[in-house]
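Below, chain A is the first sequence line, B the second, and so on; all start at residue 1.
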Amino acid sequence: MAEEATVKTPPLAPAAVPAARDTVALYDGEELRPETAGVITKAMLSRVVVLAGPTASGKTTLLATIYEKFCCGPFAGFRFAGSRTLWGLERRCHPWRVASGRAVGATERTPQGGGQLMLHLSLQRETNCQFADLLIADISGESFEAATEATADCRLLTMVRRADHFVLCLDGKKLLDSGERHRVITDGHSILRAFTEAGMLGKFSTVTVLFTKADLFHQADAEMTQLREEVAADYRRNFGERLGAMYSSTSSAEALEKVVGVDELLGRWVNETKLLSNKPFPTPALYGDGLREIDKFGRAEAV
Amino acid sequence: MPKAHLVIGLPGAGKTSFLAALWHIVDRQEVAGSLILEKLQDDRGYVQTIRTAWVGLQEVGRTPGGSISPISMWLKESTAAAAQEIVFPDVSGEAFDAQLVDRVFRSDFAALAREASGVILFIHPAAVTPGERIELAQKVMAGIQPSPKSATDQPGGGWDVSKVPTQAKLVELLQFLDTSSDSNYPISVVISAWDLASKLRLTPAAWLSGNLPLLGQYLAAHEYKHHHKIYGISAVGGSLETETARLKKLRPFERISVDTGDGKPGHDITLPIKWLISAQ
């Protein structure tokens, strides 16, 4: 009779802790900066979007919401194809999630002095499988406020010159408040003036005046809608001729199930890029060093 | 260069149970058409242990992290074919958690990733962290229990990698591999413990796109480079707490259920590997 084999429990061999030299570094998944964004811009045609505006105007919320919509499925005719800055996107969404432990979702303020941080989204069109890479700049409101006070601070935001889209975010909720309204309008005007006079926005720029928190707009009466149109018309009158194109849009991005206007924005960002357009590039003469624009993008710039 | 396929997945993704069942199937050759074993690595004590537990309807248990060396077995489609290596770099899955936190590959893993001919990604339906939004959770709760009139905002817990939803972690693991290799390797996605999810009467692909939409989009977008196929696999066949009587009546291989989405589940647990071999 054959002896039944006995299965012996093997001794456990503890895995050695790898020394640093035994490891290969991966990308960190956090925000890109102009000096590190080359990994995207050199590899593929990418669209640069600058979200501009004073503090708490809805810039980061908009960015986080776009990513959250993709977390739920394809959005605006695109599917999510990856991100080099996945942790940066996740960090911005965290305060809106149950895992944060909050009772109410709210975006955390982009820290001042953080520089020109960019979040990356690689998208693929559902219809023809073409890829489109977006680099969306998430810059603190304080940086834009400083830019309105000094041309030098304005020129530090080098992303604006390279941007395919400059999106000026105006707080729709404050526009409804008669005490805050004029400050919102003036702040937006100041930002546009500062960047156009510094040569950071020009005929090479596509500007969208975006009235955020539009869910409150939709609850307001026709007078508020007219106010929004007047503001947009005023900006167009003052700056439209100096810019390549100017749009006005509304968006609502706080409640994921009630997102409005964001799909339209995303479509415009992908479909319109200066690299494929006949709009003039900013001339190298502004820098006086003869360098091409593409060579300047990605150079270390102190902010 | 001999082909090698990499098995990856977060802790608790079902790799250990799969390995136990896989070893049994290729060793016993009771399932027609299953891959043939050429050899298992010399140190096979751990694999034998978990296989014995699996056969005996005992909890295979999660592999403790850092305790088991990489496991390899060489399988082939026929006696005449060349064997291909199936590598479990870390059955526990903790190495993959560490990759997400430390953002490094161990050099040995980096070498495997660089040369991988295929990838098998494991997902456990009960281990998915969804990343639910506060307002949506409150909406669901409001239907169950009225909420207080005013919800006060409290500073929440800070972000760390442990709070990242499963789908984002899995996308990141695949992106790590993609940046480490130039080859267009295929990916088999195995949804383990499929007996839990199959009650929903969804195909494995539908389950994935509904529960892990970010991952589903990523896989679809990269289909041009990394063909993928999704399987629902139950290596155990049911709950060891409530269905033992039924499972005892089955031969071990009969407990295995492999759902490819065609409505005809079978017992060949080597199917995800066979597909990788054929997809090259």
Point to revise | Those residues of residues 53-69 of chain A, ordered by number, that approach chain B below 4.5 Å (heavy atom to heavy atom) | key: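 Within residues 53-69 of chain A, near chain B: A:Y67, A:E68.
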**Study point:** For chain B, which residues of residues 123-134 of chain A have heavy atoms nearer than 4.5 angstrom
**Key:** A:Q124, A:F131
Among the options [options], pick out the one with the most heavy-atom pairs lying under 4.5 Å from chain A.
options                        : value
B:A137, B:S180, B:A168, B:S209 : B:A168
B:I134, B:V104, B:V161         : B:I134
B:K163, B:E132, B:E135, B:E172 : B:E172
B:T129, B:V164, B:V171         : B:V164

Measure distances from [X] to the heavy atoms of chain A and classify the residue's part below 4.5 Å as side chain, backbone, both or neither.
X      : result
B:P165 : both
B:A220 : both
B:L100 : both
B:Y224 : side chain
B:Q167 : side chain

Exercise for review: Please say whether more than 12 non-hydrogen atoms of neighbouring residues, nucleotides or ligands are located less than 6.0 Å from CD in B:E59.
Suggested key: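 Incorrect, the count does not exceed 12.
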Nearest 0.5 Å please: distance from the [atom1] atom of [X] over to the [atom2] atom of [Y].
X      : Y      : atom1 : atom2 : answer
A:W96  : B:L136 : CH2   : CG    : 11.5 Å
A:H165 : A:W269 : NE2   : CH2   : 8.5 Å
B:L212 : B:K169 : CG    : NZ    : 12.5 Å

Exercise for review: Go through the steps for A:S140 and A:S143 under the test side-chain hydrogen bond (donor to acceptor under 3.5 Å, both in side chains), then give the verdict.
Suggested key: CA-CA 5 Å; A:S140 71; A:S143 295; 2.9 Å; yes
Please work out whether the ring planes of [X] and [Y] are parallel, tilted or perpendicular, with thresholds of 30° and 60°.
X      : Y      : value
B:F96  : B:F109 : perpendicular
A:F75  : A:F70  : perpendicular
B:F176 : B:F105 : perpendicular

Practice item. For each of A:P74, A:C93, A:A255, A:P95, tally heavy-atom pairs with chain B at distances under 4.5 Å, and name the one with the top tally. Key: A:P74
Exercise for review: Report the C-alpha distance between A:E90 and A:H94 in whole Å, list the side-chain angles of each, state the deciding distance to 0.1 Å, and finish with yes or no for side-chain hydrogen bond (donor to acceptor under 3.5 Å, both in side chains).
Suggested key: CA-CA 6 Å; A:E90 282 290 324; A:H94 179 65; over 6 Å; no
**Study point:** Close side-chain approach of A:I136 to A:M118, heavy-atom, < 4.5 Å
**Key:**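 A side-chain contact under 4.5 Å is absent here.
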Point to revise | Residue pairs, two or more places apart or on separate chains, that pass side chain to side chain donor-acceptor pair (under 3.5 Å) and touch residues 88-100 of chain B | key: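 Residue pairs passing side chain to side chain donor-acceptor pair (under 3.5 Å), neighbours aside: B:D90-B:S92.
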Practice item. Begin with the C-alpha distance, continue with both residues' side-chain angles, and end with the deciding distance and a verdict on side-chain hydrogen bond (donor to acceptor under 3.5 Å, both in side chains) for B:H226 and B:D178. Key: CA-CA 9 Å; B:H226 303 296; B:D178 201 40; 2.7 Å; yes
Check your understanding: Where do B:Q48 and B:W23 land on the side-chain hydrogen bond (donor to acceptor under 3.5 Å, both in side chains) test, with the steps shown first?
Key -> CA-CA 8 Å; B:Q48 289 281 50; B:W23 169 230; 3.0 Å; yes
Exercise for review: Quick one: list whatever passes side-chain hydrogen bond (donor to acceptor under 3.5 Å, both in side chains) with A:R109, sequence neighbours left out.
Suggested key: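 So A:R109 forms a side-chain hydrogen bond (donor to acceptor under 3.5 Å, both in side chains) with A:E142.
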